[in-house]
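This structure is a prediction, so every number in the text was calculated from the model and none was measured. Hydrogens, waters and symmetry mates play no part in the numbers below; they use all other heavy atoms, side chains included. Order of the sequence lines fixes the chain letters, A, B, ..., with proteins taken first and strands second; residue numbering starts at 1 for each chain.
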Number of protein chains: 2
Amino acid sequence: MISKTCGYAIRAIVLLNEHPGEKLGVVQIAEQLGIPQHFLSKVLKDLAKHQLISSVKGPHGGYFSNQTTPNASLIDIIHVIDGLGVLNKCFLGKDRCSQTNPCPLHNEFEKSRQYLFEVFRNRTISQLNLSDAHNLI
Amino acid sequence: MISKTCGYAIRAIVLLNEHPGEKLGVVQIAEQLGIPQHFLSKVLKDLAKHQLISSVKGPHGGYFSNQTTPNASLIDIIHVIDGLGVLNKCFLGKDRCSQTNPCPLHNEFEKSRQYLFEVFRNRTISQLNLSDAHNLI
DNA sequence: TTAATTAAAGATAAAAGGGTCTTTTATTCT
DNA sequence: AGAATAAAAGACCCTTTTATCTTTAATTAA
């Protein structure tokens, strides 16, 4: 449903939020999370463009959490990375799937979608954390 | 989570099951469901290879439901088309995501996965039906 | 003000998922 | 037997997603 790219974004922003006041470089984040460096670079750039995180270039630069970071919801991130459309897509890939023109599993999936939507809407970054294990990959 | 291809398979097998004792050609099914014909052809072939449906070649041939069709579970279909691996994949795309090494949303997602797993395990083809609407696409 | 550093941006490429087209094989009917 | 029909099989292509590599621009420190 949500893309791998969006998963990268969520894990990265959670990491940044766990290090308030600290600047982390792309290389650093990528290594800790096991994400391709240059690919992550674009993801972080997008998050920064939408003010979900901040960045400074140059020596001792990097990405860091700002005021909005901890209170950002997962929906905010999904919105930036995937677009909100992904949350309504039929799990069976039926192009036009709705209450009046449902796929064979519409009701079952709807329940699941609604649950996930609430999670994405309610959970903020500050409520999440990476694994306590050292292996963040 | 489950592929668009698997969605095609499920919708097609439900359609066949709704026409017991009747042979339907690929073209017919593809048109009714709005699925690319030749692509669907491969999907049906795979379902037939695993005996979830049957087929006969030649004039008046086509695909049709057999004894196992109505009692097949969604898991059976997912198994053939996507492989059961798709049901365990982390929604954030984290490569190694587990209880001991969880992604930031592991518990939330686990709940959703378990619910869907039960649906896929319990629902049989005969319990499903296509939209009553004429527009099956 | 120059060198070093790091994010930003852009160009390309690899991989995966879907989709199309053509040929082959089995079956049925004349 | 031959023609017609429909699934099976195979080759190929397109699009999207993910990944890599290179260049540019901003910032800092010496």
Take atom [atom1] of [X] and atom [atom2] of [N], then tell me their distance rounded to the nearest Å.
X: A:Leu40; N: C:dA9; atom1: CG; atom2: C1'; value: 15 Å
X: B:Phe39; N: D:dA11; atom1: CZ; atom2: C1'; value: 15 Å
X: B:Lys45; N: C:dA26; atom1: NZ; atom2: P; value: 15 Å
X: B:Lys49; N: C:dT25; atom1: NZ; atom2: C1'; value: 16 Å
X: B:Asp82; N: C:dA16; atom1: CG; atom2: P; value: 15 Å
X: A:Leu44; N: D:dT18; atom1: CG; atom2: C1'; value: 15 Å
X: B:Met1; N: C:dA16; atom1: CE; atom2: P; value: 20 Å
X: B:Asp46; N: D:dA9; atom1: CG; atom2: C1'; value: 11 Å

Heavy-atom count around A:His60 NE2 within 6.0 Å, excluding the residue itself: above 12?
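Atom NE2 in A:His60 is not packed in, count stays at 12 or less.
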More than 12 heavy atoms of other residues, nucleotides or ligands under 6.0 Å from NE2 of B:His106: is that the case?
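Atom NE2 in B:His106 is crowded, with more than 12 foreign heavy atoms closer than 6.0 Å.
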More 5' along DNA chain D: A:Lys4 or A:Pro59, using each one's nearest nucleotide?
A:Lys4
Suppose we call a contact any N or O donor and acceptor under 3.5 Å apart; does that hold for the side chain of B:Lys42 and the base of C:dT20?
yes
Pick base, sugar-phosphate or nothing for A:Val56, based on heavy-atom distances below 4.0 Å to the nucleic acid.
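Counting heavy atoms under 4.0 Å across all strands, the contact made by A:Val56 is with sugar-phosphate only.
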Which part of the nucleic acid, if any, lies within contact of B:Val26, taking any heavy atom under 4.0 Å across all strands shown: a base, the sugar-phosphate backbone alone, or nothing?
sugar-phosphate
Would you check if A:Asn107 and A:Gln99 make a side-chain contact, meaning some heavy-atom pair closer than 4.5 Å?
yes
Starting from the 5' end of DNA chain C, give me the residue, A:His38 or A:Gly58, whose nearest nucleotide shows up first.
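Counting from the 5' end, the first nearest nucleotide belongs to A:Gly58.
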Candidate nucleotides [options], ranked by approach to the side chain of [X] - the nearest:
X: A:Thr5; options: D:dT18, C:dT20, C:dG18; answer: D:dT18
X: B:Ser55; options: D:dT20, D:dT28, D:dA7; answer: D:dA7
X: B:His60; options: D:dT18, C:dT20, C:dT28; answer: C:dT28
X: A:Lys57; options: C:dT27, D:dA19, C:dT6; answer: C:dT6

Would you say A:Asn101 and A:Ser98 are linked by a side-chain donor-acceptor pair, where the criterion is simply a distance under 3.5 Å?
no
When you check the side-chain N and O atoms of A:Ser112 and B:Ser112, is any donor under 3.5 Å from an acceptor?
yes
Reckon B:Tyr8 has a side-chain N or O less than 4.0 Å from the OP1 or OP2 of C:dG19?
yes
